[in-house]
Asks: 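Here you go, one structure.
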Amino acid sequence: MKERFDFNEIEPKWQKYWAEEGAGNSSADPSKKKFYCLEMFPYPSGKIHMGHVRNYAIGDVIARYKRMQGFNVLHPMGWDAFGMPAENAAIKNNVHPSKWTYENVAFMKQQLDRLGLSYDWDREVTTCNPEYYRWNQWFFLKLLEKGLAYRKTSFVNWCPSCATVLANEQVVDNGCWRCDSVVVQKELEQWFFRITRYAEELLQGCDDLSGWPERVAVMQKNWIGKSEGAEVDFSIEGRPEKLKIFTTRPDTLFGVTFMCIAAAHPLAEILTSDKPALEKVKAQYGKEDDKVGHFTGHYAINPLDNGRAPIYIANFVLMEYGTGAIMSVPAHDQRDFEFAKKYGLPIKTVIQPAVNSQQSDESLTEAFEGEGVLVNSGSFNGMRSKDAKAAIADFVERQGLGKKTINYKLRDWGISRQRYWGTPIPIIYCDKCGAVPVPEKDLPVILPDAVQFSGTGGSPLLNIKEFVNVDCPKCGAPGRRETDTMDTFVDSSWYFVRYCSKRDEGPLNKNNIAYWMPVDQYIGGIEHAVLHLLYSRFFTRCLRDLGITTQSEPFRNLLTQGMVCKETWKCPEHGWLFPEEVSDGRCPQCGKAVDKGRVEKMSKSKKNVIDPDALVKRYGADTMRLFSLFAAPPERDLEWSDQGVEGAYRFLHKIWGLVFRCRQDILRGREIASQNGHSPLIAPLLRKTHRTIKKVTSDIEKDYHFNTAIAAMMELVNEMSSFKSEKDEEKAMFYMAVQNLILMLFPFAPHFAEELWSEIGETRGIYRHAWPEWDEEFAKEEEVELVVQVNGKLRAKLLVPAGLSDEEAKDKALNDAKIKEVTEGKNIKKVIIVKGSLVNIVVAGGV
RNA sequence: GCGAGAGUGGCGGAACUGGCAGACGCGCUGGACUUAGGAUCCAGUGGGGAAACCUGUAGGGGUUCAACUCCCCUCUCUCGCACCA
């Protein structure tokens, strides 16, 4: 055994060993309890970053821990390999997206292996492989059959920089989720997945996601955005058209004093002759600072009381929600109130907060949006607004004036992308037959290799005659192939199902899927709270309805890990600086004092990244894993600290040194321990070891708080460091402590643990060993510190035998010299005893 | 504006169901070993104080024998939603 721990030697050695043993592999086996542990697969952008390291370290600890707990663990990895960066690289560097992608995959795979991650590579998925994406196409055809995929022309989000369409979920603050460019609206014919058919189910399902962070479920609920109300038809004075509005407040129908329609509403063009005014309102569409409107000169008739309501075109009314038209009740809606004040429109109160609070309409300073009692509402007067909602909606429906409606914000998922590097949509257009699906037997529709990237936008597929020109499968006439490709979120919506079967088993093996699904623990960033996680929930339901799985929810437990952050440095003139550029707090270019910026998410642009490769070279994979698990609990942001890494490195060395120095004692202890009839000596180290096992186990089980689990192991090591083993029994005990420590350390620092495991005389790999158990008897303290308070203030600490009765504890406390002094001559009113830990003596008149 | 989460030493972070605030690590201080130390080991380390002791979990109030923990108010930060009718 070497005196110093040499990670360069031992880490590759054990990686090779695990690979040969197939230590990460798994097979479906209904006789065993399964555990599916999954980390979000990466986009192969070139090399891994610290966010990946953290994500995968967390997953690997869980996978290894669960294996030791006896679970049949599925822990796969793959590549989200279609997407824009490959295409951009192709344009920029004249390298084919396929070559670029596969090279990145090879490089990153090697990086992951160097971290000692226990994946089952037999199930590796690469989404740009035809054997994978043919199933995207197959699902597309199935969804088409079920009416869940359809084509329509509509205004869609267009990112000018990416030269492609984006789904609603992919627009963040009116910018592109990938490149931040301002998104514009463009009218295009596109393919959609009818996710809205599952809106209600997806919403309801949010309440069953007990293993998810609540905020993620809340974000999905908000995104689905259900609201219940009614659609009501208003007639237009002197015109044949009807004006259909949606409202969640039918109880305020009698309070309507005007109507508003969106500038893009079909009636807007018809009802106003003043086109410049209409354009003006259009230009202000969606601007939140000001409400702008234009009176059309027409009036709508309230179907309930035949009141006349002027129709306005207003910038704050959204065409994409509800019917694009609203009834305005300024007394009970703040937006309508503001609009009414600006344009001098009447305000009519129809709900009183309390029965006797009369207030004139003119004196209102804001809308009253709460609940109350109806007034000025005909036969509904006196009804509670809560009840009136249903009553008026019912009335409207019975009279044929409208109907009760549920509205969702969720829109169908637009999946067409005008890009090359994605799954071809299996459709052929024929002048006679229309959009004809490619027959299943012709799948996959292979993405052609030989393409030219102009970089000027537009899919290069358009220019490939052999691809585009194809006969109609139905009538045989010359047709034209769809050149749009699928959104890459389609790829990631079912990859976790593909993993259930090995590469040679066929992708949709129902037995495998039934055994492994759902994912027991999913780990990834919060940025997919709506995107990928919502699409996957939708897709899983589609698979369920296709009979492929019986599950509705793909991910039982979700852990959203925090970001990896680091401090930043910034020169007021030259911007972000690398930490090593900054010497004595000055900018290397201009010599000006630099600002120590905030701690921010690692990013190349802020120059605060740490390269995992450099770290592996310097400290090894185990140290890097250990630090990233120790520095913060997994769901919280992690602040990178170079000195903290040193600390983790030191910790491993400390253990190594301990085993190195005491090796003979340990081996002797092992012999003693293996002898029959040996019973362990009850001593502090034994107690500490059992308590550590208990603590580490429960910290992992409860929310995966690895930071405190590692801290507990550190405590144990500290205690072991000062332990002297002279007698055989002590050696046996020390051996027992070392053995358990190594076992517990294994999921965190697996190479290191394997090496020490063999150094203490084991011949079978530790990866097959069971997780240690603790004995509650041994974990008990024999002496405890009894805290004695007087009026809640700490006055003494007494070392007493464990299991003291309340009476004994009280006696001990009251007879303590210090306590006697403090309570001398005072009237003891009460003594509170917390079993085995604390006595609080309450005396009159303070201390 | 609405919703959620958070605020604890010089720093990252601990603290069960209300019961010793600051586990563990980093940093710092002192010491040992050493030609040397940015290695290693040992000790100390919330603040004030010589000490007894006092004080301390964003700020203010409350409940309680006892509050980081529960309740009310205020401030700050982060995230999400944001004219959704």
Side-chain angles (χ1 to χ4, degrees), chain A residues 4 172-173 213-219 221-223 225-227 229 245-249 252 260 262 285-291 314-318 320-329 332-336 338-339 369 407-410 526 529-530 563 565 567 598-599 626-627 630-633 635-648 650-651 653-654 657 695 698-699 702 705 707-718 721-722 785-797 829-843 847:
Chain A
R4 306 280 302 165
V172 181
D173 293 334
E214 201 176 326
R215 61 181 181 138
V216 178
V218 167
M219 280 160 79
K221 278 189 195 171
N222 289 342
W223 186 263
K226 177 182 184 175
S227 46
I245 59 96
F246 173 71
T247 181
T248 55
R249 294 293 305 271
T252 64
C260 289
Y285 183 71
K287 293 221 173 118
E288 287 185 33
D289 32 359
D290 198 14
K291 290 189 172 49
N315 71 327
F316 70 94
V317 178
L318 306 171
E320 38 308 348
Y321 184 76
T323 61
I326 60 168
M327 63 178 211
S328 290
V329 186
H332 304 294
D333 184 289
Q334 187 59 23
R335 295 156 301 184
D336 297 345
E338 286 165 23
F339 194 84
E369 297 184 333
N407 237 303
Y408 299 92
K409 283 201 272 179
L410 182 72
I526 186 80
V530 176
M563 298 181 294
C565 304
E567 86 261 2
R598 301 155 43 116
V599 174
L626 198 65
F627 171 72
F630 176 63
E635 71 280 4
R636 280 244 282 265
D637 285 354
L638 180 154
E639 186 181 334
W640 194 264
S641 149
D642 294 333
Q643 278 141 348
V645 179
E646 290 278 352
R650 249 195 314 259
F651 173 58
H653 271 301
K654 194 171 176 175
K695 170 84 176 144
S698 65
D699 282 353
K702 192 194 88 204
H705 278 192
N707 56 330
T708 49
I710 294 168
M713 290 190 270
M714 287 171 166
E715 280 189 59
L716 176 61
V717 171
N718 290 342
S721 300
S722 52
E785 212 166 36
L786 184 70
V787 172
V788 186
Q789 297 177 334
V790 177
N791 285 359
K793 292 207 179 213
L794 177 69
R795 291 300 167 187
K797 288 183 180 183
K829 283 167 48 182
K830 207 192 309 187
V831 177
I832 286 140
I833 297 155
V834 180
K835 191 137 199 74
S837 74
L838 181 140
V839 177
N840 188 10
I841 301 158
V842 185
V843 300
V847 189

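To find a chain, count down the sequence lines: A is the first, B the second, and so on, and within it residues start at 1. Computed from a prediction, not measured in an experiment: that's the story for all the values here.
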Asks: Enter the distance from Q334(A):CD to E338(A):CD here, rounded to the nearest 0.5 Å.
Replies: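 Spacing of CD (Q334(A)) from CD (E338(A)) equals 5.0 Å.
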
Asks: Roughly how many Å apart are C81(B) and C11(B), using the P atom of each and rounding to a whole number?
Replies: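 These two P atoms come out 32 Å apart once rounded.
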
Asks: Is N718(A) close enough to G25(B) that one of its side-chain N or O atoms is under 4.0 Å from OP1 or OP2 there?
Replies: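 Yes, such a contact exists.
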
Asks: Hey, does V842(A) reach any base, or is it just sugar-phosphate, or nothing, if we go heavy atoms under 4.0 Å?
Replies: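 Counting heavy atoms under 4.0 Å across all strands, the contact made by V842(A) is with sugar-phosphate only.
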
Asks: For T708(A) and K409(A), find the nucleotide of RNA chain B closest to each by heavy atoms; which residue's nucleotide sits nearer the 5' end?
Replies: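 The 5'-side residue here is T708(A).
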
Asks: Indicate, with a heavy-atom threshold strictly under 4.0 Å, whether N707(A) touches base, sugar-phosphate, or nothing.
Replies: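 The answer is sugar-phosphate, as N707(A) gets under 4.0 Å only of primed atoms, P, OP1 or OP2.
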
Asks: Can you tell me the distance, in whole Å, between the CG atom of L786(A) and the P atom of C20(B)?
Replies: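 Interatomic distance, CG of L786(A) to P of C20(B): 12 Å.
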
Asks: Just jot down the side-chain contact (heavy atoms from CB on, under 4.5 Å) partners of F630(A), sequence neighbours excluded, or say none.
Replies: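 Once residues adjacent in sequence are excluded, the partners of F630(A) under the side-chain contact (heavy atoms from CB on, under 4.5 Å) criterion are I710(A), A711(A), M714(A).
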
Asks: Should R650(A) be listed as having a side-chain N or O under 4.0 Å from OP1 or OP2 of C24(B)?
Replies: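 No, outside the criterion.
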
Asks: U40(B) and A4(B): how far apart are their C1' atoms, nearest whole angstrom?
Replies: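 Those two atoms are separated by 48 Å.
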
Asks: Of all the choices, G13(B), A85(B), A23(B), which nucleotide is nearest to the side chain of V317(A) once you look at every atom?
Replies: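 So the side chain of V317(A) is nearest to A85(B).
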
Asks: Out of G12(B), G19(B), C65(B), which has the shortest distance to the side chain of K830(A)?
Replies: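 Output: C65(B).
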
Asks: According to a strict under-4.0 Å criterion, is K793(A) in side-chain N/O contact with OP1 or OP2 of U55(B)?
Replies: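 Yes.
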
Asks: Let me know the distance between CG of D642(A) and P of C11(B), rounded to the nearest Å.
Replies: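 Rounded to whole Å, this separation is 18 Å.
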
Asks: Does atom CD of E646(A) have more than 12 heavy-atom neighbours, drawn from other residues, nucleotides or ligands, at distances under 6.0 Å?
Replies: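 Correct, the count exceeds 12.
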
Asks: In terms of side-chain heavy atoms of M219(A), which of A85(B), G80(B), C65(B) is nearest?
Replies: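 For M219(A), the side-chain atoms sit closest to G80(B).
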
Asks: Could you give me the CA-CA distance, side-chain angles and deciding distance for K830(A) and N840(A), then say whether side chain to side chain donor-acceptor pair (under 3.5 Å) is met?
Replies: CA-CA 8 Å; K830(A) 207 192 309 187; N840(A) 188 10; over 6 Å; no

Asks: Taking the nucleotide of RNA chain B with the closest heavy atom to each, which residue, V530(A) or T247(A), is nearer the 5' end?
Replies: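 Closer to the 5' end of RNA chain B: V530(A).
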
Asks: Expressed as a whole number of Å, how far does the C1' atom of C28(B) sit from that of G12(B)?
Replies: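 Going atom to atom, C1' in each nucleotide, I get 15 Å.
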
Asks: Within this structure, what is the CZ-to-C1' distance between F630(A) and C11(B), rounded to whole angstrom?
Replies: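 Roughly 13 Å, once rounded to whole Å.
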
Asks: Among C41(B), A85(B), A23(B), which is the nearest nucleotide to the side chain of K654(A)?
Replies: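 So the side chain of K654(A) is nearest to C41(B).
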
Asks: So what does D637(A) hit on the nucleic acid, given a heavy-atom distance under 4.0 Å: a base, only sugar-phosphate, or nothing?
Replies: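 Counting heavy atoms under 4.0 Å across all strands, the contact made by D637(A) is with sugar-phosphate only.
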
Asks: N840(A) has an atom CG; how far is it from atom P of U64(B), in whole Å?
Replies: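 Between P of U64(B) and CG of N840(A): 15 Å.
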
Asks: Please give me the minimum heavy-atom distance between C260(A) and F316(A), naming the atom from each residue.
Replies: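 That would be SG-CZ, 4.3 Å.
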
Asks: Taking all non-hydrogen atoms of both residues, which atom of D336(A) and which atom of S328(A) are closest, and how far apart?
Replies: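 Smallest heavy-atom distance, with atoms named: OD2-CA, 3.2 Å.
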
Asks: For L794(A) and A52(B), what is the distance between atoms CG and P respectively, to the nearest whole Å?
Replies: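 Atom CG in L794(A) sits about 13 Å away from atom P in A52(B).
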
Asks: Sticking with atom P, work out how far A21(B) lies from C53(B), rounded to a whole angstrom.
Replies: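 To the nearest whole Å, 14 Å.
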
Asks: Taking all non-hydrogen atoms of both residues, which atom of L838(A) and which atom of L786(A) are closest, and how far apart?
Replies: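 For L838(A) versus L786(A), the nearest heavy atoms are N-CD1, 3.7 Å.
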
Asks: With 3.5 Å as the limit, what N/O pairs link the protein to nucleotides 2-6 of chain B?
Replies:
none

Asks: Rounding to an integer number of angstrom, what distance separates G38(B) and G30(B) when you compare their P atoms?
Replies: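 After rounding to an integer number of Å, I get 13 Å for this pair.
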
Asks: Nearest whole angstrom, please: distance from the P of C81(B) to the CG of L410(A).
Replies: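 L410(A) atom CG is separated from C81(B) atom P by 15 Å.
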
Asks: For RNA chain B, what dot-bracket results from Watson-Crick or G-U pairs at under 3.5 Å, with [ ] for crossers and | for inter-strand partners?
Replies: (((((((..(((......[....)))((((((.......))))))(((....)))..(((((..]....))))))))))))....

Asks: Which heavy atom of S227(A) sits nearest to which heavy atom of F246(A), and what is that distance?
Replies: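 Shortest heavy-atom contact: O-CZ, 3.8 Å.
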
Asks: Using the C1' atom on both, measure G48(B) against G13(B) and round to a whole Å.
Replies: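 Those two atoms are separated by 25 Å.
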
Asks: When the distance from CG of L638(A) to P of C11(B) is rounded to whole Å, what number comes out?
Replies: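 Going from CG in L638(A) over to P in C11(B) covers 17 Å.
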
Asks: Does K291(A) make a cation-pi contact with F339(A) (under 6.0 Å, within 45 degrees of the axis)?
Replies: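 That pair does not qualify as a cation-pi contact.
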
Asks: Please classify G49(B) as syn or anti, treating any glycosidic angle within 90° of 0 as syn.
Replies: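 Here G49(B) takes the anti form, which means its glycosidic angle is more than 90° from 0.
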
Asks: So what does E338(A) hit on the nucleic acid, given a heavy-atom distance under 4.0 Å: a base, only sugar-phosphate, or nothing?
Replies: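 E338(A): no heavy atom of the nucleic acid under 4.0 Å.
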
Asks: Would R795(A) and I841(A) count as a side chain to side chain contact (heavy atoms under 4.5 Å, CB included) if you check the C-alpha gap in whole Å, the side-chain angles of each, and the deciding distance to 0.1 Å?
Replies: CA-CA 10 Å; R795(A) 291 300 167 187; I841(A) 301 158; over 6 Å; no

Asks: Hey, is the side chain of S227(A) poking within less than 4.0 Å of OP1 or OP2 on A85(B), counting only N and O atoms?
Replies: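 For S227(A), the contact criterion (side-chain N or O under 4.0 Å from OP1 or OP2 of A85(B)) is met.
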
Asks: Take atom P in G61(B) and the same atom in U69(B), then report the distance between them in whole Å.
Replies: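 Approximately 14 Å lies between the P atom of G61(B) and that of U69(B).
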
Asks: Classify G647(A) by what it touches in the nucleic acid, base, sugar-phosphate, or nothing, heavy-atom distance under 4.0 Å.
Replies: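 The answer is sugar-phosphate, as G647(A) gets under 4.0 Å only of primed atoms, P, OP1 or OP2.
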
Asks: So, is K797(A) close to the C20(B) phosphate, meaning a side-chain N or O under 4.0 Å from OP1 or OP2?
Replies: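 No.
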
Asks: Assess the side chains of K409(A) and N222(A): does a donor N or O sit below 3.5 Å from an acceptor N or O?
Replies: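 Note: K409(A) and N222(A) side chains miss the donor-acceptor criterion.
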
Asks: Rounding to an integer number of angstrom, what distance separates A15(B) and A58(B) when you compare their P atoms?
Replies: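 Roughly 16 Å separates the two P atoms.
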
Asks: Quick check: closest heavy atoms across V317(A) and Y285(A), and the distance to 0.1 Å?
Replies: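 Residues V317(A) and Y285(A), closest heavy atoms: O-CE1, 3.3 Å.
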
Asks: Atom CD1 of I710(A) to atom C1' of C24(B): distance rounded to whole Å?
Replies: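 It is 10 Å, rounded to the nearest whole Å.
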
